[in-house]
Student: 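Before anything else, here's the structure in question.
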Amino acid sequence: MSQQPQIKYRSDYQPPAYLVDKVDLTFDIIEDTLTRVHSRLVMRRNPAATAANVLQLDGSARLHSLALDGDKLGPDGYTLENEVLSIPNVPDSFILDVETEIDPVANSSLMGLYASGGSNLYTQCEPEGFRKITYYPDRPDVMAKFSTTIIADKAKYPVLLSNGNKVGEGMVDKKRHWVKWVDPYKKPSYLFALVAGKLSALRDSYTTRSGRNVLLEIWTVPADQDKVEFAMGAVKRSMKWDEERFGLEYDLDIYMIVAVGDFNMGAMENKGLNIFNTSAVLARQDTSTDADFQRVEAIIGHEYFHNWTGNRVTCRDWFQLSLKEGLTVFRDQEFSSDLDSRAVKRIQDVKNLRQLQFPEDAGPTAHPIRPDSYIEMNNFYTMTVYEKGAEVVRMYHTLLGEAGFQKGMQLYFRRHDGQAVTCDDFRAAMADANDVDLAQFALWYSQAGTPQLQVSGDYDAEARSYTLHVQQSCPATPGQSDKQPLHIPFAVGLIGEDGSDLPLQLQGEDAAQGTTRVLDVRAAAQTFTFINVDSTPVPSLLRGYSAPVKLSFDWRDSELAFLMANDSDAFARWEAGQAYAERLIRQLLADHAAGTPLKLAAGFIDAFRAVLEDHAADPAFKALMLTLPSEAEILEMVDEADPAAIHTVRDFVLDTLAQALRGEWHAAFDLGQTRDYKPADAGRRALKNLALAMLTRLADAWPLEAAEQQCLQADNMSDQMGAMLALRDRDCEERDNCYLAFAERWQDNALVMDKYFALLAGSQLPCTLEHVQAAMSHPAFTLRNPNKARALLGSFGRNMLHFHAADGSGYQFLADQVLALDAINPQVASRIVSLFNRRQKLEPVRRNLMTRELQRILAKDGLSKDVYEIVSKNLAG
Ligand code: B3K
Ligand code: ZN
């Protein structure tokens, strides 16, 4: 780093000194490498701020000219330092004209205005990309009305898009045309968007509940137009769902989605003009898996739902990011749950949280869902802010119920429509609308770390009562050693001997009320006694995963098998299987370390058999029940972890289950075969492909042949990928054939090639590192494309065997790539370098090897703030 990067603190918040009432932007696209931006700002002093007469604007673009109330400002009329433009002695209200020049082709960071796929132009402004375009108070609490005029060569840039409604277009001269867009809603600069280029659209329309006719457009490069039909359906489903479930309607005459192949994340909710990564919008049976379809629908929903939760009501400052993201993730989760299987969605979300958010919350970059400080805001678009944030919103819902939650939402919009607000404002709306005290609940916003619930139960036969003793604690996290007890909604049930739920009556109540109760855990230690319990029940705890905590309870193995078979709560049923597996895996890891031969408990095999033979169960749910905790989850279970041992033990369990239940897997595979592809059969395909993967573990030849056949003949990507995955770690001719044929067949499809690169990098086969190195010079690969970098390097960084190779070769390779990538795209580099963040979890030899690589990265001159922040926190942790 050339200079010590500055840390920004939440506690330093000051209202903006000047407000912007109106912004008129003109983008003159002069040539590929030169766009001139003229911005006219109508500004005035903020009456709510402390008096100052120096105007400060954020910006890093080349400044071409500056004029205050029509008077040109020379170099002595302003200063420009550290990307802050200061103009002294400005009046109370004034007009500022700013002209900048930018080169979108040279912009590989994909923030601000950049070129992709030839000379098409796209923008990404959240959180601080607008300052790369022009000089502006680039902060979310400055909301203004924008108009945007775009001028460009008509042949080269026939399509010119921006936010709001199109109000005019015409020719400037014989070759150049112009289009003007006006957004009638005030918005912060991070929601600005512009797209220009050769694009085609699928058009449709939607009539809102109140009768507004909305034009819908999905724009892509012409070659991708054959893959947007599903997305269009998803837009309409999202609009309808938000009206029905939240009473929220769309508010402009046009809603546009633009797909772009080079994009730093999934998608962006710019007002009226969402910009999407192609991976989050294109979907067709032959090129997309069932999981891809599910993801596309969820992200379309997510960005659409932001129109109210994010755009109409936005964040006061970036520390409040979870205000819009946690809430919008909760909304997209509910959308998917209402449309598909609620149980399956919940389990997938919890698995995701455990795999990706728990490690973050236990690692060197752990932060509360509302962080207190940051160096680079882009590093805080995290699993914690998004997914744990969504869990926090879900807890309001659990505590208040659907009706109470909706009352809170209505009050939130009534109070704050058109404003930039805080997480506290949201909590206040929930509390006030329901007249409840949510003061203690505030700790969820300020405390980092995954809380632990330690629970025990005892049955008193004489009193016919069952008591749960609940203790809560939260581990120390960087900068937070003392934690206070949280308000935790703890959903529980009791199951009787016959497997059915018991009616629940708490001590002091006149009668039983339901079979699932949400207990309010508020103290460090608390007890809850249920009465009129005739015999020892089996407790079903944390039903529906009612809070983002780690639960421990000393069930017997037989009780876990009983819960796996009987719990009426699908999440708890699945969770019992996970808890059972965790217990055995911990023991096997200890046995492995002690050199004791490994043996899998018969009871666990029986429990798996029972699931496989339960023909009434939803196959998607069964596939989840039959999936062990991932290697990443297992890493979290132990200290001084040996990744090779984790891999060996998990593989042993899978091999044993494959062997012991070969007939059952075979039957599941056969049963899952269908002649015709139907989207609704996704669960069946998932179970079939899991069975196929298990069968390829056997020493038999036929599963390999079956996988090869499926891979070469399938008419859908789910089955192709199922087979590719089943063969991924098997060194055999069938694998070689399939991998060759797949790469050949899909060489021109960027998104399918991403799948191919991810498979190569995730393989357990001995030559994986060499294959990954070779893939770096594959014609379809480039580090400049974030999807490619994530597919190859991200997957390699999650490879337990090869990233964590005992000789450090995996660490060294990834560190080299982080350095190469940092010079191109710091945001992507910083995501990749985060894969080193579990350093402290590892045994000393690997930990030291990692340390060495991180020190090498940190020593590099000109390192980005993004990578600096992650690596320095890692090394300090
Ligand atoms: N709000 C954007 C994320 C922007 C990320 C900037 N690094 C997408 C979303 O959450 O919907
Ligand atoms: Zn979002």
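Remember, predicted model here, so these are calculated numbers, not experimental data. Sequential numbering from 1 along the given sequence is applied to the chain's residues. Order of appearance sets the numbers: ligands from 1, and atoms from 1 within every ligand.
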Student: Should the pair R790 and F263 be classed as cation-pi, given the thresholds of under 6.0 Å to the six-membered ring centre and 45° from the axis?
Tutor: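 Output no; distance or angle outside limits.
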
Student: Is it true that Q827 lies under 4.0 Å from ligand 1, counting heavy atoms only?
Tutor: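 Q827: in contact with ligand 1 (<4.0 Å).
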
Student: What is the ring orientation for F441 with Y445, classed by angle as parallel under 30°, tilted 30 to 60°, or perpendicular over 60°?
Tutor: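 The arrangement is perpendicular - the two ring planes meet at more than 60°.
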
Student: Determine which of the N, O or S atoms in H306 is closest to the Zn ion (ligand 2) and give its atom name.
Tutor: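 Of all N, O or S atoms belonging to H306, NE2 is the one nearest the Zn ion (ligand 2).
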
Student: I'd like to check which ligand 1 atoms, numbered from 1 as shown, lie under 4.0 Å from a non-hydrogen atom of H306.
Tutor: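 Contacts of ligand 1 toward H306, numbered from 1: 9 (C), 10 (O), 11 (O).
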
Student: Cationic tip of K187 within the cone over F146's six-membered ring, i.e. under 6.0 Å and within 45° of the normal?
Tutor: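 The answer is yes, since K187 meets both limits relative to F146.
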
Student: So, taking the atom named CD in Q827 and the one named CD1 in I824, what distance separates them when rounded to the nearest 0.5 Å?
Tutor: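 These two atoms lie 14.0 Å from each other.
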
Student: Among all protein heavy atoms in this structure, tell me which lies nearest to atom 6 (C) of ligand 1, with the distance rounded to 0.1 Å.
Tutor: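 Atom 6 (C) of ligand 1 sits closest to the protein heavy atom E126 O, 3.3 Å.
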
Student: Which atoms of ligand 1 are found less than 4.0 Å from any heavy atom of M268?
Tutor: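 Listed by number with element, the hits are 1 (N), 2 (C).
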
Student: Non-hydrogen atoms of N378 versus ligand 1: any pair closer than 4.0 Å?
Tutor: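 A heavy atom of N378 does come that close to ligand 1.
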
Student: Please list, in number order, the atoms of ligand 1 under 4.0 Å from a heavy atom of E269.
Tutor: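 Those of ligand 1 that fall under 4.0 Å from E269 are 1 (N), 2 (C), 8 (C), 9 (C), 11 (O).
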
Student: I need the single residue from Y304, F305, Y206 that forms a ring pair (Phe, Tyr, Trp, His ring centres under 6.0 Å) with W241. Which is it?
Tutor: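 Only one option passes, and that is F305.
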
Student: Hey, which of F426, F246, F405 is the one that makes ring pair (Phe, Tyr, Trp, His ring centres under 6.0 Å) with F330?
Tutor: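 In the set F426, F246, F405, the residue that makes a ring pair (Phe, Tyr, Trp, His ring centres under 6.0 Å) with F330 is F405.
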
Student: Please list the nearest protein heavy atom to atom 8 (C) of ligand 1 with its residue and the distance rounded to 0.1 Å.
Tutor: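 So the nearest neighbour among protein heavy atoms is A267 O, 2.9 Å.
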
Student: Examine the side chains of Q410 and Q406 and answer whether a donor and an acceptor come within less than 3.5 Å of each other.
Tutor: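 On atom types as modelled, these side chains do not qualify, holding no pair under 3.5 Å.
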
Student: For K324, state whether at least one heavy atom is located under 4.0 Å from any atom of ligand 1.
Tutor: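 A heavy atom of K324 does come that close to ligand 1.
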
Student: Any chance you could measure F380, atom CZ, to Y374, atom OH, to the nearest 0.5 Å?
Tutor: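 Nearest 0.5 Å value for the CZ-OH distance: 9.5 Å.
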
Student: Could you find the nearest protein heavy atom to atom 3 (C) of ligand 1 and give me its residue, atom name and distance?
Tutor: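 Checked against all protein heavy atoms, atom 3 (C) of ligand 1 sits closest to Y386 OH, 3.5 Å.
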
Student: So that I can check it, does any N, O or S atom in E325 come closer than 2.8 Å to the Zn ion (ligand 2)?
Tutor: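 Short answer: yes, at least one N, O or S atom is under the cut-off.
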
Student: Give the atom numbers and elements of ligand 1 that come within less than 4.0 Å of a heavy atom of E303.
Tutor: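 Numbered from 1, ligand 1 contributes 9 (C), 11 (O).
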
Student: Knowing that exactly one of W308, Y255, Y185 qualifies, which makes a ring pair (Phe, Tyr, Trp, His ring centres under 6.0 Å) with Y250?
Tutor: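 The residue from W308, Y255, Y185 that satisfies ring pair (Phe, Tyr, Trp, His ring centres under 6.0 Å) with Y250 turns out to be Y255.
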
Student: Go through ligand 1 atom by atom and flag the ones less than 4.0 Å from a non-hydrogen atom of E325.
Tutor: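 Answer, ordered by atom number: 1 (N), 9 (C), 10 (O).
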
